[in-house]
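These notes concern the structure reproduced below.
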Amino acid sequence: MVVHTEHGLVQGLDRHGYQEFLGIPYAAAPYPEHAFDPPRPLNAWDGVFEATAPGATAAHAQVTQDLFPDPVVEGVNPLNLNVYAPADTGGPYPVLVWLHGGGFFSGGNASPWYTGESFARDGVVLVVPNYRLAAEGFMLLDDSVANRALLDITMALRWVRDNIEAFGGDPANVTVAGQSAGATATLALSGCPGARGLFRRLAAMSAGMPLLSSLTRTHELSEDFAALLGTPRTRAALLGAPVRKRLELEATWLPHEVRTPPADADARARRLRQDSLRWQPTLDGTVISASPYDALAEGTLDALMIGTTAEEWNFMLGPGKPAASAEACRQGFANLGLTGQDLAEYLRVLETDNPGHALAQALTDRNFRTPAREVADGAAKAGIPTYAYQFAWPAPGLGAAHCADLPFVFDHLDAPGAANLLGPGAPAQLATALHGALVRFVCDGSPGWSTYDTETRPVMVFDERTREIPDAFTLPPDQLRRTR
């Protein structure tokens with residue numbers, strides 16, 4: 001299959017029932033000289049670009065994590081995207097642009113969890129772009145712009161606007177969705193002047209706090225990083241530092257739960273803080289001119305879908321993990337501004353004697369569920385049709401943890417590594433339900449349940465059976481699962 005784009009011909013692969021195009025560049029190569037520059041326009045190429053193998057991923061430290069496969073593909077141009085389109089070229093089909101997760105320090109579109117055959121099967125064109133990570137994406141320099149990763153994503157959206165029709169997609173019907181860091185970036189787009197008009201809807205899945213970093217905080221982090229690296233905060237200085245040294249330093253800055261051996265439960269419990277994620281979108285006033293709360297208050301979005309898993313932090317401190325001591329967990333609660341009495345109340349409500357489980361739920365509530373509820377409240381008040389959900393299905397020994405929903409969202413429970421996270425016998429009907437809800441949202445602007453309001457706060461709960469529950473963001477996970 002050969003497609004004409006504004007930059008040249010692209011050769012893809014004809015799969016069974018869909019077409020696949022991998023690693024299509026949407027901006028000029030940033031490596032090696034332009035890693036800290038804004039994304040640059042792409043020149044046209046001669047001949048045919050072979051989009052038949054994964055493109056390069058953004059440079060990032062190798063991390064040990066078992067949430068999703070994260071292959072690192074080396075190359076000079078990570079600013080590429082994958083397209084999955086229906087084999088039937090009838091169209092035009094609605095477009096979903098998926099922003100990958102990974103805490104802004106890992107991840108990429110080469111992960112086998114982000115392939116789009118199920119979306120193409122259901123009449124949606126899926127686009128999965130890469131964007132720069134960590135310091136390359138977010139560090140504040142004296143001679144470069146902020147939020148380069150958001151500029152990357154915006155340029156990818158412009159590529160979609162200008163080229164997706166050639167793949168059967170409708171450039172006037174674009175939804176941006178993402179999970180974890182991808183969800184945070186998705187919400188940040190609402191406050192990006194340069195991205196206005198490039199999408200109609202947003203779907204944010206497991207966006208964690210803080211949704212944006214302050215300019216002061218990112219400046220301090222950038223100064224610290226440059227000092228540890230031993231360089232000034234300039235493009236030339238950063239490029240002059242060995243890439244390996246920079247990535248090693250970034251690895252030491254990873255959230256502590258990624259770096260700590262799983263058996264060190266006390267250290268994980270004590271050192272987890274709300275600000276553990278280092279690099280992230282920054283309210284710089286130019287690339288991002290408004291917080292998601294303020295941007296959504298303008299009411300210009302066609303629709304918003306937002307939710308979390310019910311037990312996001314179970315992947316690190318849940319009931320299936322080594323138990324942390326009560327003292328370490330009290331310190332963890334103190335890091336969140338909570339007290340020993342709050343710990344006791346969580347233990348009572350969760351009906352557990354595992355303080356690590358209580359801390360995991362407090363982190364989930366404080367950093368994921370409450371912010372999702374607040375964003376939904378604000379969007380609904382602004383008149384945006386808003387749809388809230390909770391993913392509550394408990395994977396064996398893990399619960400409804402961070403990333404456990406991804407194989408269901410993409411409706412491929414047989415994806416590599418999915419069984420390791422979900423265990424055997426993950427319910428296929430739940431994949432049909434959650435994937436189908438996102439498809440309906442992308443196609444029609446409604447996933448199939450009641451719009452959110454600030455009085456009854458209806459939330460769709462996805463378990464082995466789906467059902468609406470009022471104000472489900474405030475209910476303990478087991479109560480969500482018991483409510484019928």
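Remember, predicted model here, so these are calculated numbers, not experimental data.
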> Can you tell me how far the CG atom of Leu283 sits from the OG1 atom of Thr216, to the nearest 0.5 Å?
Replying inline: 10.5 Å

> Do Thr386 side-chain atoms and Ile384 backbone N/O form a donor-acceptor pair below 3.5 Å?
Replying inline: yes

>> With a 4.5 Å cut-off on side-chain heavy atoms, are Leu304 and Val375 touching?
In response: yes

>> Tell me whether Arg148 contacts the main-chain N or O of Pro39 through its side chain, where contact means a donor paired with an acceptor under 3.5 Å.
In response: no

> Roughly how far, to the nearest 0.5 Å, is CG of Asn82 from CG of Asn130?
Replying inline: 7.5 Å

>> Ignoring hydrogens, what is the shortest heavy-atom contact between Trp98 and Pro129? Give both atom names and the distance.
In response: O-CD, 3.2 Å

> For Pro112 and Pro71, which heavy atoms make the closest approach, and how far apart are they?
Replying inline: CD-CD, 4.4 Å

> Counting N and O atoms only, with roles assigned by atom type, does the side chain of Gln11 sit under 3.5 Å from a partner on the main chain of Met1, one being a donor and the other an acceptor?
Replying inline: yes

> Going through the checks in order, is the side-chain hydrogen bond (donor to acceptor under 3.5 Å, both in side chains) test met by Gln390 and Thr309?
Replying inline: CA-CA 6 Å; Gln390 284 277 269; Thr309 70; over 6 Å; no

> Can you tell if the side chain of Val97 reaches within under 4.5 Å of the side chain of Leu157, non-hydrogen atoms only?
Replying inline: yes

> If only atom types and distance count, is the side chain of Arg233 paired as donor or acceptor with the main-chain N or O of Ala226 below 3.5 Å?
Replying inline: no

>> Please give me the minimum heavy-atom distance between Gly47 and Leu9, naming the atom from each residue.
In response: O-CB, 3.8 Å

> Would a line drawn from the ring center of His100 to the ring center of Tyr131 be shorter than 6.0 Å?
Replying inline: yes

> About how many Å separate CG of Leu228 and NZ of Lys245, when rounded to the nearest 0.5 Å?
Replying inline: 9.5 Å

>> Quiz question: by atom type and distance under 3.5 Å, do the side chains of Asn80 and Asn109 form a donor-acceptor pair?
In response: yes

>> Check whether Ser190 reaches the backbone of Leu187 with its side chain - one donor and one acceptor, N or O, closer than 3.5 Å.
In response: yes

> So, do Met305 and Leu202 sit near enough that their side-chain heavy atoms are less than 4.5 Å apart?
Replying inline: no

> Arg40 and His34: side-chain contact (heavy atoms from CB on, under 4.5 Å), yes or no, with the steps?
Replying inline: CA-CA 9 Å; Arg40 298 171 302 122; His34 301 281; 3.4 Å; yes

> Is the Tyr114 ring parallel, tilted or perpendicular to the Phe410 ring (thresholds 30°, 60°)?
Replying inline: tilted

> Distance only, no hydrogens: is a donor on one side chain within 3.5 Å (strictly under) of an acceptor on the other, for Ser213 and Thr218?
Replying inline: yes

> Met155 versus Leu79: any side-chain heavy-atom pair under 4.5 Å?
Replying inline: no

> Is Asp284 reaching over with its side chain to a backbone N or O of Ala146, donor-acceptor style, under 3.5 angstrom?
Replying inline: no

>> Tell me which pairs pass side-chain hydrogen bond (donor to acceptor under 3.5 Å, both in side chains) where either residue lies in residues 149-168, with sequence neighbours left out.
In response: Arg132-Asp152

>> I want to check something: taking the side chain as every heavy atom from C-beta on, are Thr286 and Val145 in contact at a cut-off of under 4.5 Å?
In response: no

>> How long is the straight-line distance from OG1 of Thr308 back to CZ of Phe473, given to the nearest 0.5 Å?
In response: 5.5 Å

>> According to salt bridge (charged side-chain N to carboxylate O under 4.0 Å, His left out), who are the partners of Glu312, at least two apart in sequence or on a separate chain?
In response: none

> Is Thr186 reaching over with its side chain to a backbone N or O of Ala204, donor-acceptor style, under 3.5 angstrom?
Replying inline: no

>> I'd like to know whether CG of Asp46 has more than 12 heavy-atom contacts from other residues, nucleotides or ligands below 6.0 angstrom.
In response: no

> Taking 4.0 angstrom as the limit, do Arg121 and Glu117 come out as a salt bridge?
Replying inline: no

> Hey, mind stepping through Val83 and Phe167 against side-chain contact (heavy atoms from CB on, under 4.5 Å) and telling me if it holds?
Replying inline: CA-CA 8 Å; Val83 178; Phe167 298 83; 3.8 Å; yes

> Does atom CD of Glu6 have more than 12 heavy-atom neighbours, drawn from other residues, nucleotides or ligands, at distances under 6.0 Å?
Replying inline: yes

> Going from CD1 on Ile164 to CG on Asp170, what distance comes out if it is rounded to the nearest 0.5 angstrom?
Replying inline: 10.0 Å

>> Below 30° counts as parallel, above 60° as perpendicular, anything between as tilted: where do the rings of Trp279 and Phe225 land?
In response: perpendicular

> side-chain contact (heavy atoms from CB on, under 4.5 Å) between Val125 and Leu96: does it pass, once the steps are laid out?
Replying inline: CA-CA 6 Å; Val125 175; Leu96 172 62; over 6 Å; no

> Can you tell me if Asp365 uses its side chain to pair, donor with acceptor, with the backbone of Arg369 under 3.5 Å?
Replying inline: no

> How many angstroms lie between CG in Asp377 and OG1 in Thr370, if you round to the nearest 0.5 Å?
Replying inline: 10.5 Å

> Do Gln280 and Thr184 meet the criterion of a side-chain donor-acceptor pair at a distance under 3.5 Å?
Replying inline: no

>> So which atom in Ala404 and which in Pro407 form the shortest heavy-atom distance, rounded to 0.1 Å?
In response: O-CD, 3.7 Å

> If only atom types and distance count, is the side chain of Thr5 paired as donor or acceptor with the main-chain N or O of His7 below 3.5 Å?
Replying inline: yes

>> Between Leu198 and Leu189, does the side-chain contact (heavy atoms from CB on, under 4.5 Å) criterion hold? Intermediate values first, please.
In response: CA-CA 10 Å; Leu198 298 178; Leu189 285 172; over 6 Å; no

> Which atom pair, heavy atoms only, marks the closest approach of Cys443 to Arg201?
Replying inline: O-NH2, 4.1 Å

> Do Gln361 and Glu311 touch side chain to side chain, with heavy atoms closer than 4.5 Å?
Replying inline: yes

> Does Asp143 have any salt bridge (charged side-chain N to carboxylate O under 4.0 Å, His left out) partners at least two apart in sequence or in another chain, and if so, which?
Replying inline: Arg235

> Would you call the rings of His402 and Phe315 parallel, tilted or perpendicular, where under 30° means parallel and over 60° means perpendicular?
Replying inline: tilted

>> Under a 3.5 Å distance rule, please check whether Ser111 uses its side chain to pair with a backbone N or O of Pro69 as donor and acceptor.
In response: yes

>> Between Leu81 and Val128, is there a side-chain heavy-atom distance shorter than 4.5 Å?
In response: no

> Where is the tightest heavy-atom contact between Gly123 and Pro94, given as atom of each residue plus distance?
Replying inline: O-CD, 3.4 Å

> Are Phe138 and Phe104 close enough that their ring centres sit under 6.0 Å apart?
Replying inline: yes

>> Counting C-beta onward and ignoring hydrogens, is there a side-chain heavy-atom pair between Leu301 and Leu296 closer than 4.5 Å?
In response: yes

> Any luck finding a side-chain donor-acceptor pair between Glu136 and Tyr31 under 3.5 Å?
Replying inline: yes

> Under 30°, 30 to 60°, or over 60°: which ring-plane class applies to Phe68 and Trp113, parallel, tilted or perpendicular?
Replying inline: tilted

>> Tell me if the aromatic rings of Phe119 and His435 count as close, with their centers under 6.0 Å from one another.
In response: yes

